[in-house]
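Structure record follows, encoded as structure tokens.
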Amino acid sequence: MTLRVIQWATGGLGQAAIGQIQLHPELELVGCWVHSQAKVGRDAGELAGIGPIGVLATDSLDEILALDADCVLYAPLMPNPQEVAAILRSGKNVVTPLGWFWPTAEEKQRMAAPALEGGVTLHGTGIDPGGATEQQPLFFTGLSSAITFVRGEEYSDIRTYNAPDVVRHIMGFGQSPEQAMSGPMLALLDNGFDQSVRMCLDTLGFADAEIRSSREVAVATAPIDSPIGKIQPGQVAAQRFAWEAFIGDTKVVRVAVNWLMGEENLDPPWTYGDGGVRFEVEVKGDPDCFVTIHGWHPTTVAAGLERNPGIVVTAAHCVNSIPYVCAADPGILTFVEMPVVTGRAHPDLAR
């Protein structure tokens with residue numbers, strides 16, 4: 001059976017998702033919601049750069065809710081729980097990279113009601129958070145025992161992230177340290193990465209732990225070329241965020257991101273370390289495990305500005321989850337309750 005899918009928003013992730021939905025043998029794109037009036041009426045395939053596919057974009061929530069569809073891949077810049085609730089009530093499953101990875105009891109109660117009313121399921125997924133920071137560390141704990149520590153950590157070159165408004169105004173790059181530290185980024189990240197930490201704590205059965213978040217910045221010591229133009233000396237050119245769980249003085253979970261505008265002209269002189277840009281997963285137990293993941297970062301700055309694998313892998317995790325979410329019982333679905341999510345063979349190599 002082919003599942004009918006709506007793509008909500010066509011930023012970088014939405015564009016990648018449209019292409020992947022078209023390649024997935026069990027999925028069909030039937031609708032597309034856009035924020036920009038300039039995109040209304042345009043073909044979703046053209047917005048995604050894959051050529052026309054016969055699905056026209058709309059900015060009307062009512063039109064989306066009225067469509068006959070099985071699932072909405074919900075990926076605007078910021079989530080609106082009221083929109084998500086309306087989509088669920090309309091009888092459409094929702095897959096999103098914007099939260100609900102491991103919701104609190106209050107969040108579960110609030111979002112389960114519209115899901116149950118619509119007879120559908122809400123699932124939060126992605127990669128960071130939504131994969132590398134909780135799902136994959138938990139997977140590798142399955143190969144060990146007596147776990148004492150798990151870690152999921154990102155090391156990325158933000159020069160490859162082609163979203164200038166987000167980089168400057170939300171992430172705080174190119175601002176003074178005071179502006180960046182008082183900006184919204186830590187609060188915006190807190191919800192998602194706090195869920196990552198709690199998923200690891202709860203699933204592994206750790207005792208009650210204290211979660212502590214931290215943020216550090218490094219500034220440019222000379223002009224640095226970036227997606228927002230030159231970052232001048234004294235302006236923020238690198239940031240580190242961490243969420244760590246402690247039982248007493250013992251650190252049991254660490255989730256962190258390290259975002260640098262390259263490795264030159266930084267104070268403090270941070271680097272990516274020997275592994276370059278990457279994701280790392282670490283488990284301390286019997287036995288220990290240490291995994292380095294390459295391929296989810298562009299090989300050059302220019303390549304990233306054209307097509308960023310980190311965005312593509314996030315979209316893939318969402319798209320590949322759709323059949324499993326549509327088959328699940330109504331309510332809130334997390335990684336822990338799901339079967340193993342896989343991709344599908346390339347059409348040229350499929351049965």
Side-chain angles (χ1 to χ4, degrees), residues 13 16 97 101 125-161 171 189 192-193 195-197 199-201 203-204 213-216 218 238-245 251-264 266 268-318 320-321 335-336 340-343:
L13 190 149
F101 311 106
T125 186
I127 195 62
D128 188 24
T133 51
E134 65 288 286
Q135 184 205 39
Q136 289 151 32
L138 287 173
F139 171 82
F140 284 104
T141 66
L143 306 174
S144 186
S145 64
I147 309 301
T148 60
F149 175 72
V150 295
R151 176 174 66 93
E153 191 154 358
E154 172 196 2
Y155 299 81
S156 289
D157 187 341
I158 300 300
R159 295 176 301 173
T160 66
Y161 187 38
M171 298 173 75
L189 295 176
F193 287 107
Q195 291 183 62
S196 298
V197 174
M199 183 187 291
C200 292
L201 290 170
T203 305
L204 295 174
S213 61
S214 63
R215 180 181 191 176
E216 302 173 87
Q239 302 188 62
R240 291 172 170 171
F241 298 83
W243 295 261
E244 297 177 320
K251 187 189 302 183
V252 293
V253 179
R254 173 178 167 86
V255 170
V257 297
N258 303 267
W259 294 337
L260 283 64
M261 291 286 185
E263 297 180 287
E264 298 180 355
L266 297 178
W270 296 345
T271 68
Y272 304 116
D274 293 339
V277 292
R278 66 198 183 279
F279 285 89
E280 288 182 350
V281 173
E282 182 179 11
V283 175
K284 293 289 187 183
D286 181 24
D288 295 342
C289 177
F290 189 93
V291 178
T292 301
I293 302 171
H294 291 293
W296 296 349
H297 291 88
T299 54
T300 66
V301 172
L305 297 179
E306 183 175 342
R307 189 174 191 266
N308 191 317
I311 302 297
V312 177
V313 75
T314 304
H317 209 187
C318 292
N320 290 328
S321 297
F335 293 131
V336 176
V340 176
V341 173
T342 70

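Judged purely by atom type and a 3.5 angstrom limit, Ser144 uses its side chain to pair as donor or acceptor with the backbone of Asp286. Using modelled atom types, one side-chain atom of Glu134 and one backbone atom of Gly131 make a donor-acceptor pair closer than 3.5 Å. Within the 3.5 Å criterion, the main-chain N or O of Met171 finds a donor-acceptor partner in the side chain of Gln239. Proximity of a side-chain donor or acceptor of Ser156 to a complementary backbone N or O of Ile158 within less than 3.5 Å is not detected. Distance alone, capped at 3.5 Å, is enough to place a donor-acceptor pair between the Arg278 side chain and the Gly276 backbone.
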Requested in this report: Please assess Asn308 against His297 for the test side-chain contact (heavy atoms from CB on, under 4.5 Å), listing each intermediate value before the final yes or no.
Outcome: CA-CA 7 Å; Asn308 191 317; His297 291 88; over 6 Å; no
Requested in this report: Take Trp243 and Val253, measure what side-chain contact (heavy atoms from CB on, under 4.5 Å) needs, and give me the verdict at the end.
Outcome: CA-CA 8 Å; Trp243 295 261; Val253 179; over 6 Å; no
Report task. List the steps and the verdict of side-chain hydrogen bond (donor to acceptor under 3.5 Å, both in side chains) for Asn258 and Glu153. Result -> CA-CA 8 Å; Asn258 303 267; Glu153 191 154 358; 3.0 Å; yes
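When ring centroids are compared, His317 and Phe335 come within the 6.0 Å threshold. In summary, the aromatic rings of His294 and Phe279 are positioned with their centroids too far apart to meet the 6.0 Å limit.
Residues Leu201 and Val197 meet the side-chain proximity criterion, which asks for heavy atoms closer than 4.5 Å. In this structure the side chain of Val283 reaches within 4.5 angstrom of the side chain of Ile147, judged on heavy atoms. Looking at Val150 and Arg254, their side chains never come closer than 4.5 Å, going by heavy atoms from C-beta outward. The shortest distance between side-chain heavy atoms of Trp259 and Tyr155 does not fall below 4.5 Å. Between Lys284 and Phe290 there is no side-chain heavy-atom pair separated by less than 4.5 Å. You'll find the side chain of Phe193 reaches within 4.5 Å of the side chain of Asp128, heavy atoms only. Leu13 has its side chain within reach of Pro97: a pair of non-hydrogen atoms, C-beta onward, lies under 4.5 Å apart. Here the side chains of Phe149 and Glu282 are in contact, with some heavy-atom distance below 4.5 Å.
The local environment of CZ in Arg307 is sparse, with at most 12 non-hydrogen atoms from other residues, nucleotides or ligands closer than 6.0 Å. Heavy-atom neighbours of Glu264 CD from other residues, nucleotides or ligands within 6.0 Å: at or below the threshold of 12.
The nearest pair of heavy atoms linking Thr133 to Cys200 is O-SG, 4.2 Å. When all heavy atoms of Leu266 and Ala238 are compared, the pair lying nearest together is CD1-CB, 4.1 Å. Pairing each heavy atom of Phe101 with each of Met199, the nearest pair is O-CE, 3.3 Å. In plain terms, the two heavy atoms of Asp157 and Thr160 that are nearest each other are O-OG1, 2.7 Å. Nearest heavy-atom pair, Leu260 versus Tyr272, reported as atom, atom and distance to 0.1 Å: O-OH, 3.5 Å. Nearest heavy atoms, Thr141 versus Leu204: OG1-CD2, 3.6 Å.
Here OG1 of Thr148 is found 7.0 Å from CG of Asp288. Values are rounded to the nearest 0.5 Å. A distance of 9.5 Å separates CZ of Arg151 from NZ of Lys251, quoted to the nearest 0.5 Å. Atom OG1 of Thr125 is separated from atom CD of Gln135 by 6.5 Å, given to the nearest 0.5 angstrom.
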